[in-house]
Amino acid sequence: MKLLRSSITLGLALLISACASADTATHPLVEAWHAGKAIVITTSPNPDNTDETYGDFAHYLNNFAASAGDHWAFFALDPQASPPKLPIEFGFTLTHYSVVFIKQNEAQGYVYPGPILEPQVYDFVQRQFEGREIPDYLYQFSPDEVQVDFEEENGLLRVDTKT
Amino acid sequence: MARSSCFGPFELKSGDSDKKQIFGGHRRPNAASYVTALQEALRAVDIPLAIVDGQFGPGTEQALKMFQWCLTAHPYRRFNQSLVTDTCKVTQALSGRLDTQTASELNRWIAQGYVSTGDLIRLDSKQLDHVEVGVGFRVLSHVSVCEGDVVLSAAAADLLSTANKKAGERCVKLVLNQAFRVNGVPVSGAVVTPATRSQHLIGHAIDCNIVDGSNWNNSRTFAAGRQTEGATNFIDDMKNAGYRWGGNFSNPDTPHFDKRLNPYGDAYEFKFFFNQRIIANNHPIPLKNLN
């Protein structure tokens, strides 16, 4: 009886572990990371679609998403959602409408604090991630660099300020 | 009772009805189908009206206001797939009632084959010494629009010409990122919900970077208070000329300048409808010479 109970407990533990692992491993964000896609994550907790600033932010982001191509993946993060719906953690506070750019095997990712209101910012990051030449003036639009790690054990992406 | 036309001698208004024989707010037995005639005329000049039913309800009133807006707001009319400029200038309140002038104009439009349109125009950026379109500036997908064209409402063309002039005076260059914006979601879908009300959606706004020497004054430059003197002076000039600068919004949008039209008024609604329809239906957009 004792052996049976132990077996059931062990079985349940393995099952829960397998489910948790499957949840994160199959999340499109993690899949995009492992596929080597450039990933764009934006925080849009309360879209105010009558606000002029929000309108410009949405326009440039959606246009970039429409033209970036299949090697890019886009996600919207609700920072108020509990539990978080994306398997990613940030070691700093993301302001509203911030945009995060990450890609596996890149020396760094980027975070732009607040809404991107100029398409040159997307142009800079796209050129950087795709290894293309960057005109001098575009460096004036460079977002802040961040460090990105993938924690295999819990299938979580961790983004921190670069030290 | 001073006039007579296919719309009758009455000032047709909300509540009138062919079925009930109410015209001009009063019952007038044995009159004709004046409301139906009005509704068919509005449709003939391509004013949107869902149904022709002889009842002067909210839909007919709104359609009539839209026609009255077209009379006053701009001189452009479609005619045989092309665009003409109407030389007959009319000042008309958006009353939603078929007054004498509105009836006369509606008859004139039908007689001349005019059809309604918006007030979008194209401005050739190559004519502007101190403005250029940026790499990220998207050329509108429209049969009339060419590379280098900036599309705006005719009523806001002065926004761009003034910006060009002031930029020259302050020795800065403007790099445009956006002017008129097509409403809705890109074909491949949206990451975030697009705005439903914006001065860009009617052609009353531009987004630009102010380039001063080798310095691009961008959002982060302004956020850090590191904008150049030339940029500060240019912005002051634009504000003094009566335009809004997005840097003064509660959520700052420093590249944004506009000539604001109340986004909750009839004029905004109608301009939005007609200008967006120009793009959706590939109606002609005239090239306007800034000189």
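Lettering follows sequence order; numbering is per chain, from 1.
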Keeping A:Asn62 on the side-chain end and A:Ala58 on the backbone end, is there a donor-acceptor pair under 3.5 Å?
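Pair found, side chain donor or acceptor close to backbone of A:Ala58.
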
Select one option (side chain, backbone, both, neither) describing which atoms of [X] are under 4.5 Å from chain B's heavy atoms.
X: A:Thr50; answer: both
X: A:Tyr60; answer: side chain
X: A:Asp136; answer: neither
X: A:Pro113; answer: side chain
X: A:Tyr112; answer: side chain
X: A:Gln140; answer: both

Is it the backbone or the side chain of [X] that comes under 4.5 Å from a heavy atom of chain A, or both, or neither?
X: B:Ser214; answer: backbone
X: B:Pro194; answer: both
X: B:Arg181; answer: side chain
X: B:Pro263; answer: neither
X: B:Val192; answer: both

Salt bridge check: are B:Asp258 and B:Arg244 linked by an N-O gap of less than 4.0 Å?
yes

Salt bridge between B:Asp129 and B:Lys165, side-chain N to carboxylate O under 4.0 Å?
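Here B:Asp129 does not pair with B:Lys165 in a salt bridge, since their nearest N and O are not under 4.0 Å apart.
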
Would you mind telling me which of A:Ile102, A:Asp160, A:Ile39 makes a side chain to side chain contact (heavy atoms under 4.5 Å, CB included) with A:Val148?
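Result: among A:Ile102, A:Asp160, A:Ile39, A:Ile102 is the only option passing the side chain to side chain contact (heavy atoms under 4.5 Å, CB included) with A:Val148.
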
Do B:Ser144 and B:Arg122 make a side-chain contact, defined as non-hydrogen atoms from C-beta onward lying under 4.5 Å apart?
yes

Parallel, tilted or perpendicular: which describes the rings of [X] and [Y], with under 30° parallel and over 60° perpendicular?
X: B:Phe272; Y: B:Tyr268; answer: parallel
X: B:Trp69; Y: B:His74; answer: perpendicular
X: A:Phe64; Y: A:Tyr122; answer: parallel

So which of B:Val191, B:Asn251, B:Asn177 has the largest heavy-atom pair count under 4.5 angstrom toward chain A?
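The candidate making the most pairs under 4.5 Å is B:Asn177.
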
